[in-house]
Amino acid sequence: MKYIIAIFVLVFLSACEKTLDDAVIPYVEQLVVFADVKPGEYDLELNISKTLPVLGVLKPEDAIISDVTGYITDGNKRWNIEYNTKYKYIIKNFEGEAGKTYQLFLDWRGKHIESKTTIPAGDEISISNYYMIFNEDDWNLEDESWGEFTLMGHFKGSSEYVYLLSAETSYGEYYTRHFMIPNGNTVSRIDWFWGEINEIKNRNYTYKIEITDKVYYDYLENSRGNYDDFDFFSIGGLNIDWNVKGDGIGMFVGKNIKRETVDLGSVKVVTN
């Protein structure tokens with residue numbers, strides 16, 4: 001039977017195979033830009049490269065370009081970019097200020113792109129009324145103190161931004177989720193834990209919220225399509241509303257960061 005299945009799979013894959021020899025797929029070379037601007041004075045990095053043709057043998061280094069010129073301005077001050085290494089360009093001693101709008105202008109071999117973003121204020125979101133939902137383990141009926149805990153909170157924010165949650169622990173940082181608040185407030189999951197109830201409640205849990213232009217939400221939601229192994233042209237990556245305009249694609253977004261620490265021992269626990 002297993003040989004019959006193997007033959008069927010081979011025939012099926014052969015029937016689906018398409019030869020692209022001599023095929024021509026329209027291709028327009030574009031700039032690709034990713035950068036975010038945050039408050040403070042620091043060296044700002046920009047990822048700048050170029051698109052590559054769909055067909056042919058592709059090598060990542062073919063996307064490297066080192067002769068892009070341009071600058072960022074807040075309307076009064078101007079910071080010029082300079083090439084650093086590989087895909088990296090840098091602006092030394094950039095000054096980011098919450099609430100300010102910044103414009104990006106880049107030129108490369110007759111191609112021009114521009115974009116605009118505003119750095120959000122850190123107080124654009126507040127969280128209160130924490131509580132945990134306790135789900136008892138079905139397989140561990142003899143000990144009702146073990147199970148899954150979901151930390152919840154009441155979020156108040158702006159519909160103009162997307163919020164990205166990350167947990168900060170002693171062994172590193174991990175991303176949990178991203179969301180918007182269209183109506184200004186929502187009750188939302190922050191993170192989940194698994195273990196013994198007293199051990200969980202002894203923790204001080206710290207999480208980070210990144211506040212970013214809402215155009216970034218569209219990118220996060222739709223770029224997932226690029227990971228579909230069965231769709232070479234992956235429509236998820238093609239319908240993104242890039243905020244880089246002109247002869248290029250990409251994201252240029254303002255970002256602010258807020259950190260919160262929760263004493264889980266003081267948080268009310270409810271059983272689901």
Side-chain angles (χ1 to χ4, degrees), residues 28-52 62-125 157-164 166 178 180-181 208-223 237-259:
V28 177
E29 195 171 60
Q30 291 184 299
L31 287 168
V32 182
V33 181
F34 281 87
D36 55 60
V37 292
K38 303 181 291 291
E41 183 174 336
Y42 56 98
D43 292 343
L44 173 63
E45 284 190 348
L46 301 90
N47 285 292
I48 304 175
S49 59
K50 67 175 181 177
T51 57
L52 297 175
D62 290 341
I64 296 175
I65 48 178
S66 59
D67 53 347
V68 178
T69 60
Y71 62 93
I72 291 177
T73 179
D74 62 2
N76 295 312
K77 191 169 182 178
R78 168 172 164 163
W79 297 268
N80 293 323
I81 70 166
E82 59 183 78
Y83 181 67
N84 187 15
T85 180
K86 292 187 177 180
Y87 311 100
K88 302 287 186 183
Y89 284 73
I90 194 169
I91 293 177
K92 294 181 179 178
N93 301 316
F94 177 77
E95 299 169 16
E97 185 178 331
K100 267 194 174 181
T101 297
Y102 296 84
Q103 289 181 283
L104 171 69
F105 299 94
L106 298 178
D107 289 285
W108 179 69
R109 300 183 184 180
K111 298 182 184 297
H112 174 78
I113 69 165
E114 58 185 76
S115 187
K116 182 169 66 173
T117 190
T118 301
I119 299 179
D123 58 0
E124 289 292 347
I125 189 168
S158 169
S159 60
E160 295 301 312
Y161 299 105
V162 55
Y163 303 97
L164 293 85
S166 299
H178 64 269
M180 290 181 64
I181 309 180
K208 179 177 74 175
I209 303 176
E210 295 182 25
I211 310 167
T212 311
D213 278 357
K214 66 178 180 181
V215 293
Y216 197 53
Y217 182 82
D218 184 56
Y219 164 69
L220 290 170
E221 286 287 288
N222 289 290
S223 62
L238 300 177
N239 60 358
I240 298 173
D241 184 19
W242 305 107
N243 76 335
V244 167
K245 306 300 181 183
D247 300 312
I249 59 174
M251 302 298 296
F252 175 65
V253 293
K255 181 183 292 184
N256 209 331
I257 294 174
K258 181 173 185 174
R259 287 177 170 84

Participant: Between Tyr89 and Val68, which heavy-atom pair has the shortest distance, and what is it?
Facilitator: OH-N, 3.1 Å
Participant: Any chance the side chains of Asp247 and His112 put a donor and an acceptor closer than 3.5 Å?
Facilitator: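 His112 and Asp247 do not have a side-chain donor-acceptor pair below 3.5 Å.
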Participant: Quick one: CG on Leu104 to CD1 on Ile48, what's the gap to the nearest 0.5 Å?
Facilitator: 7.0 Å
Participant: More than 12 non-hydrogen atoms from neighbouring residues, nucleotides or ligands closer than 6.0 Å to NZ on Lys245, yes or no?
Facilitator: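 Check passes, neighbour count above 12.
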Participant: With a 4.0 Å cut-off on N to O distance, would you call Glu210 and Lys208 a salt bridge?
Facilitator: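 Salt bridge: yes.
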Participant: Hey, are the side chains of Leu31 and Val244 touching, using non-hydrogen atoms and a 4.5 Å cut-off?
Facilitator: no
Participant: Check whether any side-chain N or O of Asp213 sits under 3.5 Å from a backbone N or O of Val253 as a donor-acceptor pair, and report yes or no.
Facilitator: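 No.
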Participant: Assess whether side-chain contact (heavy atoms from CB on, under 4.5 Å) is satisfied between Tyr161 and Ile125, documenting all intermediate values.
Facilitator: CA-CA 10 Å; Tyr161 299 105; Ile125 189 168; over 6 Å; no
Participant: Could you tell me the separation between the OG1 atom of Thr118 and the CD atom of Glu97, rounded to the nearest 0.5 Å?
Facilitator: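 So the OG1 of Thr118 and the CD of Glu97 are separated by 12.0 Å.
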Participant: I'd like to check Thr73 versus Phe105 (side-chain heavy atoms, cut-off strictly below 4.5 Å). Are they in contact?
Facilitator: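 A side-chain contact exists here, since the closest heavy-atom pair is under 4.5 Å.
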Participant: Could you pull out the closest heavy-atom pair between Thr101 and Lys116, with the gap in Å?
Facilitator: CG2-CG, 3.4 Å
Participant: Show, in sequence, the C-alpha distance, side-chain angles and deciding distance for Trp108 and Glu29, and conclude whether the side-chain contact (heavy atoms from CB on, under 4.5 Å) test is met.
Facilitator: CA-CA 11 Å; Trp108 179 69; Glu29 195 171 60; 3.5 Å; yes
Participant: Can you tell me how far the OG atom of Ser66 sits from the CD1 atom of Ile64, to the nearest 0.5 Å?
Facilitator: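 Result: 9.0 Å between the selected atoms.
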Participant: With under 30° as parallel and over 60° as perpendicular, where do the rings of Phe34 and Trp242 fit, or are they tilted in between?
Facilitator: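 Perpendicular, since the angle between the ring planes exceeds 60°.
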Participant: Looking at side-chain heavy atoms only, is the closest gap between Ile211 and Ile209 below 4.5 Å?
Facilitator: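 Ile211 reaches Ile209 side chain to side chain.
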Participant: Compare all side-chain heavy atoms of Val37 with those of Tyr42 and state whether any distance is below 4.5 angstrom.
Facilitator: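 Yes, their side chains come closer than 4.5 Å.
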Participant: Please confirm whether the backbone N or O of Glu124 pairs with a side-chain atom of Ser158, one donor and one acceptor, at under 3.5 Å?
Facilitator: no
Participant: Kindly determine whether Met251 and Thr117 satisfy side-chain contact (heavy atoms from CB on, under 4.5 Å), including the steps that lead there.
Facilitator: CA-CA 10 Å; Met251 302 298 296; Thr117 190; over 6 Å; no
Participant: Could you grab the distance from atom CG of Leu46 to atom CG of Asp36, nearest 0.5 Å is fine?
Facilitator: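 Reported value, rounded in 0.5 Å steps: 9.0 Å.
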Participant: Please report the closest heavy-atom contact between Ala98 and Ala121, naming both atoms and the distance.
Facilitator: CB-CA, 4.1 Å
Participant: Of all the heavy-atom pairs spanning Tyr83 and Lys88, show the shortest one and how long it is.
Facilitator: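 Closest pair (atom of Tyr83, atom of Lys88, distance): CD1-O, 3.7 Å.
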Participant: Rounded at 0.5 Å granularity, tell me how far CD1 in Ile91 sits from CD in Glu82.
Facilitator: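 That separation rounds to 9.0 Å.
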Participant: Consider salt bridge (Lys or Arg N to Asp or Glu O under 4.0 Å). Of Lys77, Lys100, Lys38, which one does Glu95 pass it with?
Facilitator: Lys77
Participant: When you compare the side chain of Val33 with that of Phe252, does any pair of heavy atoms fall below 4.5 Å?
Facilitator: no
Participant: Looking at every non-hydrogen atom in both residues, tell me the closest pair between Ser159 and Lys214 and how far apart they are.
Facilitator: O-CD, 3.7 Å
Participant: Can you tell me how far CD of Glu114 sits from CG of Leu106, rounded to the nearest 0.5 angstrom?
Facilitator: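 Reported value, rounded in 0.5 Å steps: 10.0 Å.
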Participant: For a quick test of reading the model, state the closest non-hydrogen atom pair linking Val215 to Asn243 and the distance between them.
Facilitator: CG2-ND2, 3.9 Å
Participant: Classify the ring geometry between Tyr217 and His178 as parallel (under 30°), tilted (30 to 60°) or perpendicular (over 60°).
Facilitator: perpendicular
Participant: Can you tell if the side chain of Asp43 reaches within under 4.5 Å of the side chain of Asn93, non-hydrogen atoms only?
Facilitator: yes
Participant: Does the Lys50 side chain pair with the main chain of Ile65, one donor and one acceptor, at a distance under 3.5 Å?
Facilitator: no
Participant: Which label fits Tyr102 and Phe94: parallel for a plane angle under 30°, tilted from 30 to 60°, or perpendicular past 60°?
Facilitator: tilted
